[in-house]
Amino acid sequence: MNARAHANNRDHRASSPSTILVTGGAGFIGSHACVELLDHGYELIVVDNYSNSSPQVFARVQRIAGRFVGAVYELDIRDRRALSAVFDRHSVDAVVHFAALKAVGESTRMPVEYYDVNVGGTTSLLRAMHEHGVHRLVFSSSCSLYGDAGGGRLSEASPARPTNPYAASKWTCEQILADVCRRIPDFTALSLRYFNPVGAHPSGLLGEDPSGTPDNLMPYLAQVAVGRRARLPVFGDDYATPDGTPVRDYLHVMDTVEAHRVALDHFTDGPGMHVYNLGAGRGWSVLDVVAAFREACGKPIPYDIEPRRPGDVTELVADAAAVARAWGWRPTRDLAAMCQDAWRFQQLNPSGYAGPAGSKSAKE
Ligand code: NAD
Ligand code: WQD
């Protein structure tokens, strides 16, 4: 973005926050958000304990955005003293809170850890914010809190029926935030319930780099296409969907982070808790995604139909009309772009961030 565009952005959000604390800013969505916010003139302070990420990502963020993330702290958000010291040192206008544990299956095996990090981490953050008079928060929530909703588009009024500790931790955080907003008159919490964010930055420098075997469909597909894994397991083809595989609402990570940038302009709409679904409002089956990825990478994707994955639900598709009405935000990137960008990242980074930035492997 050029200097003039920066100036226009600053004018546009004259009363909006300008220094943002980003928790979990080294992660998949957080790193893309750093680029988006730097591109729009924000000053950033990032905290992350790198439990699911690496500080190497910041060199790439800088390469894309053309400037540094202002300050980066390695800390656990449950460490109140360390967190408080960050607020002492910087004048924070608002917080975008990504830091959490996010693997649904793992949460069923480690429920206490999930509640501790996701709920305990959030209350630790709220305490530091409140002690420092910072009352503006964007919270990463999840469609998983709707549970097995049985099909049809899900609006924010659809009941929360979490079926695992991860989803329950997000629902608990939302309830805490709603209560904090009721008790602290100027507190504003914007809770964004993401459906399935996927894809990568179009530069190929940033993307999803899970450690170990990917839990999620898109990174697994990318690793099969690049030759790191032999075949994709497709978890069940006996669901009540057109092709028998589960349907999800996939959302490009760039659209996801643009919604966060737009959110920062809407603290001035008024205090309180506001909850919005972030989705495309359109469902794709697992086999639809396999076909789109095959198109993007130009190679067949070998797969095996395997038994259903425990805890999977048939369909999760957003009714995302509320955020479009309130903020004018709508996703603009389609499934083809999600697959092309995920594939570009995987091709350029066959070993993820551990390899040299933007290099192709000998295998390609
Ligand atoms: P991610 O794991 O890539 O990023 C989370 C970041 O938080 C990581 O960098 C991790 O190191 C950091 N972190 C974890 N625990 C921490 C702690 N105690 N202290 C400090 N840092 C800590 O995950 P993501 O996909 O970028 O997800 C970001 C947020 O969005 C999470 O809150 C997640 O629950 C939510 N979400 C993600 C998805 C998705 O499909 N990716 C969907 C819905 C909601
Ligand atoms: C998508 C579909 C799998 C891997 C979870 C959370 C949700 C959000 C995103 C955090 C499902 C199938 C997957 C594979 C497959 N995260 N699949 N083979 O489960 O919809 O959502 O992650 O908040 O809250 O619940 O995402 O990408 O794991 O799965 O067949 O190797 O792909 O069965 O139908 P999911 P996913």
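We count ligands from 1, going down the list as the structure has it; atoms in each ligand are counted the same way. All values below were derived from every heavy atom in this structure, side-chain atoms included, with hydrogens, water molecules and symmetry-related copies excluded.
For atom 39 (C) of ligand 1, the closest non-hydrogen atom of the protein is P197 CD, 3.7 Å. Protein heavy atom in closest approach to atom 27 (O) of ligand 1: I29 CD1, 3.9 Å. Among protein heavy atoms, the minimum distance from atom 10 (C) of ligand 1 is reached at D48 OD1, 3.4 Å. Looking at atom 1 (P) of ligand 1, its nearest protein heavy atom turns out to be N52 ND2, 3.8 Å. The protein heavy-atom contact nearest to atom 43 (C) of ligand 1 is Y194 CD1, 3.5 Å. For atom 14 (C) of ligand 1, the closest non-hydrogen atom of the protein is S51 OG, 3.3 Å. Nearest to atom 31 (C) of ligand 1 among the protein's heavy atoms is F98 O, 3.0 Å.
Counting heavy atoms of neighbouring residues, nucleotides and ligands inside a 6.0 Å radius, atom CD of E295 does not exceed 12 of them.
Checked against a 3.5 angstrom limit, the closest N/O atoms of G27 and ligand 1 fall inside it. Residue K102 has at least one N or O atom closer than 3.5 Å to an N or O atom of ligand 1. When only interatomic distances are considered, the shortest N/O to N/O separation between Y166 and ligand 1 falls below 3.5 Å.
Note: Y166 and Y114 have perpendicular aromatic rings, judged against thresholds of 30 and 60 degrees for the angle between ring planes. Under the 30°/60° scheme for interplanar angles, the aromatic rings of F98 and H260 are found to be tilted. The aromatic rings of H32 and F28 sit perpendicular to each other, their planes meeting at more than 60°, with 30° as the lower class boundary. Ring geometry, F58 versus Y50: the interplanar angle exceeds 60°, so the pair is classed perpendicular (tilted spans 30 to 60°).
Near L75, meaning under 4.0 Å from any of its heavy atoms, are these atoms of ligand 1: 19 (N), 20 (C). Residue Y50 has at least one heavy-atom neighbour below 4.0 Å for each of these atoms of ligand 1: 11 (O). Ligand-side atoms of ligand 1 in range of F195: 42 (C), range being under 4.0 angstrom from any heavy atom. Close contacts of ligand 1 with S141, meaning ligand atoms under 4.0 Å from a residue heavy atom, involve 43 (C), 44 (C).
Not a single heavy atom of T23 sits closer than 4.0 Å to an atom of ligand 1.
The hydrophobic cluster containing V257 also contains I64, counting ILVMFWY residues as joined when their side-chain heavy atoms lie under 4.5 angstrom apart, directly or transitively. In the hydrophobic clustering of this structure, I77 groups with V180; members are Ile, Leu, Val, Met, Phe, Trp, Tyr whose side-chain heavy atoms approach within less than 4.5 Å, directly or through other members.
Within 4.0 Å of ligand 2, the residues that place a heavy atom are V104, S142, S144, Y166, N196, D215, N216, L217, Y220, L232, P233, V234, F235, P246, R248, Y250, V286, R309, D312, listed by chain and number.
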Between M129 and F87, is the side chain to side chain contact (heavy atoms under 4.5 Å, CB included) condition met? List the steps. CA-CA 8 Å; M129 288 174 64; F87 280 89; 3.7 Å; yes

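Looking at V47 against ligand 1, nothing comes within 4.0 Å, counting heavy atoms. Within the 4.0 Å heavy-atom criterion, both parts of I77, backbone and side chain, lie near ligand 1. Residue contacts with ligand 1, taken as heavy atom pairs separated by less than 4.0 Å, involve K170 solely via side-chain atoms from C-beta onward.
Using a 3.5 Å distance cut-off with no hydrogens or angles, the side chains of Y73 and H90 do pair a donor with an acceptor.
With sequence neighbours left out, D249 forms a side chain to side chain contact (heavy atoms under 4.5 Å, CB included) with F195, A280, V317, A318.
In this structure, F235 has its ring center at least 6.0 angstrom away from the ring center of Y303.
In this comparison of N49, V46, V22, the heavy atom closest to atom 22 (C) of ligand 1 sits on N49.
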